[in-house]
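Encoded as structure tokens, the structure appears first; notes follow it.
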Protein chains: 2
Amino acid sequence: MRLLPQPAIEDIQLTEVLHALADPARLEVVVKLATEVELTCRGVGEAIGLHKSTLSHHYRVLRDAGVVSTRQEGRQKFMTLRKGDLDDRFPGLLDSVIGAAG
Amino acid sequence: MRLLPQPAIEDIQLTEVLHALADPARLEVVVKLATEVELTCRGVGEAIGLHKSTLSHHYRVLRDAGVVSTRQEGRQKFMTLRKGDLDDRFPGLLDSVIGAAG
DNA sequence: CGTATAGTTGGATTGTTGTCAAACCTTCCA
DNA sequence: TGGAAGGTTTGACAACAATCCAACTATACG
């Protein structure tokens, strides 16, 4: 039930978010999270076809940028989009990206 | 009055656009273009404080991604945001990015 | 306790990016 | 015709990024 470290809302940087979203694999993760509400890392990465360590790297980029939140429960980690936080900070951005990608 | 080569609307890729916007210098250029309608490369780059060849490189990235359009007139080049094209292809994206950055 | 499961970390590799400097190309103008 | 002005290209370089593999940690289960 532990929450992994993540930037505070006011520390989320636009260029970092854009960079995080500018990778096809990460964008796919985000689109998946937008429809599925919450997923384990395994669940998110299953369809993408990358090595699990590569995916772990992408999850970290997304988390460090403030795009996703990760909660550990037992040996699984559940990720959610920080949609509310992002909407507060950069109104409309996430929706337009997800709309454009999906 | 020559228009420099640029991708067709349907060839504009979301990840490329995001990548183009994910650099602070390029984002500054875009924000400037959003308020000024049209500017020469010199005019855009003046406030940014980078070498002109570096700026030229950034202009190219923006143009290749489909974010800006460049028109040559005499020895100057005027850049404009491809706002209409981007709005058609990725509705709301540009506005939210500019709003967040500006 | 031993083993499987879920993810992370470190190293290696390969490729991309941001930056500058110097040389270059075009166009204008005196 | 010879500069000057406005950009581009090329080369160099350091920093970063995406990927894989192998080794690791931590939790759960039998």
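Naming: A, B, ... by sequence-line order, numbering from 1 per chain.
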Let me have the donor-acceptor pairs involving side chains of residues 12-21 of chain A, under 3.5 Å, with sequence neighbours excluded, atom names and distances please.
from, atom 1, to, atom 2, distance (Å)
A:Gln13, NE2, A:Asp11, O, 3.4

* **Interatomic distance where CZ belongs to A:Arg71 and P belongs to C:dG7 [whole Å]** => 12 Å

* To do: Please list, by residue number, the residues of residues 57-66 of chain A whose heavy atoms come closer than 4.0 Å to an atom of DNA chain D; answer none if no residue qualifies.
  => A:His57, A:His58

* Asked: What residues in residues 17-27 of chain A put a non-hydrogen atom under 4.0 Å from any atom of DNA chain C?
  -> none

* Asked: What about A:Leu93 and A:Val61, same hydrophobic cluster or not, with Ile/Leu/Val/Met/Phe/Trp/Tyr joined at side-chain heavy-atom distances under 4.5 Å?
  -> no

* Asked: What pairs meet the side chain to side chain donor-acceptor pair (under 3.5 Å) rule with one or both residues in residues 22-34 of chain A, with sequence neighbours excluded?
  -> A:Arg26-A:His58

* Which nucleotide sits closest to the side chain of A:Gln76: C:dC20, C:dA6, C:dG10? -> C:dA6

* Asked: B:Glu10: what forms a side chain to side chain donor-acceptor pair (under 3.5 Å) with it, not counting sequence neighbours?
  -> none

* After noting the C-alpha distance and the side-chain angles of A:Leu3 and A:Ser69, does the key distance pass the side chain to side chain contact (heavy atoms under 4.5 Å, CB included) rule? -> CA-CA 8 Å; A:Leu3 192 68; A:Ser69 191; 3.6 Å; yes

Can you give the donor-acceptor pairs under 3.5 Å from side chains of residues 44-52 of chain A to other protein atoms, not counting sequence neighbours?
from, atom 1, to, atom 2, distance (Å)
A:His51, ND1, A:Ser53, N, 3.1
A:His51, ND1, A:Ser53, OG, 3.0

Distance-only criterion, 3.5 Å: show the donor-acceptor pairs between side-chain atoms of residues 81-88 of chain B and protein atoms not counting sequence neighbours.
from, atom 1, to, atom 2, distance (Å)
B:Arg82, NE, B:Asp85, OD2, 3.1
B:Arg82, NH1, B:Pro7, O, 2.8
B:Arg82, NH2, B:Pro7, O, 3.0
B:Arg82, NH2, B:Asp85, OD2, 3.0
B:Lys83, NZ, B:Asp87, OD2, 2.7
B:Lys83, NZ, B:Asp95, OD1, 3.0

* To do: Could you pull out all residues at least two apart from B:Arg89 that satisfy side chain to side chain donor-acceptor pair (under 3.5 Å)?
  => none

* To do: Examine the base of D:dA18 for any acceptor or donor lying under 3.5 Å from a partner atom in the side chain of A:Thr54, and report the outcome as yes or no.
  => no

* Asked: How long is the gap from OG1 on A:Thr40 to CE on A:Met79, to the nearest 0.5 Å?
  -> 7.5 Å

* Asked: Once you build an axis from the first five pairs and another from the last five of the helix from C:dC1-D:dG30 to C:dA30-D:dT1, how far apart in angle are they, to 10 degrees?
  -> 10°

* With a non-hydrogen cut-off below 4.0 angstrom, is A:Leu55 in contact with a base, only sugar-phosphate, or nothing? -> nothing

* To do: Starting at OG1 of B:Thr70, measure out to CZ of B:Phe78 and round the result to the nearest 0.5 Å.
  => 11.5 Å

* Asked: CD1/B:Ile98 to CG/B:Leu27 distance, rounded to the nearest 0.5 angstrom?
  -> 8.5 Å

* Check the pair A:Tyr59 / A:Val29 against side chain to side chain contact (heavy atoms under 4.5 Å, CB included), numbers first and verdict last. => CA-CA 9 Å; A:Tyr59 300 149; A:Val29 168; 4.3 Å; yes

* Within residues 35-49 of chain B, find the residues that approach DNA chain D with a heavy atom at under 4.0 Å, and present them sorted by residue number. => B:Thr40, B:Cys41, B:Arg42

* Rounding to a whole Å, what distance do you find between B:His51:NE2 and C:dT17:C1'? -> 17 Å

Give each protein N/O atom lying under 3.5 Å from an N/O atom of nucleotides 23-28 of chain C, with the pair distance.
none

* To do: Scan for side chain to side chain donor-acceptor pair (under 3.5 Å) pairs involving residues 72-81 of chain B, sequence neighbours excluded, and state none if there are none.
  => B:Arg2-B:Gln72, B:Arg71-B:Glu73

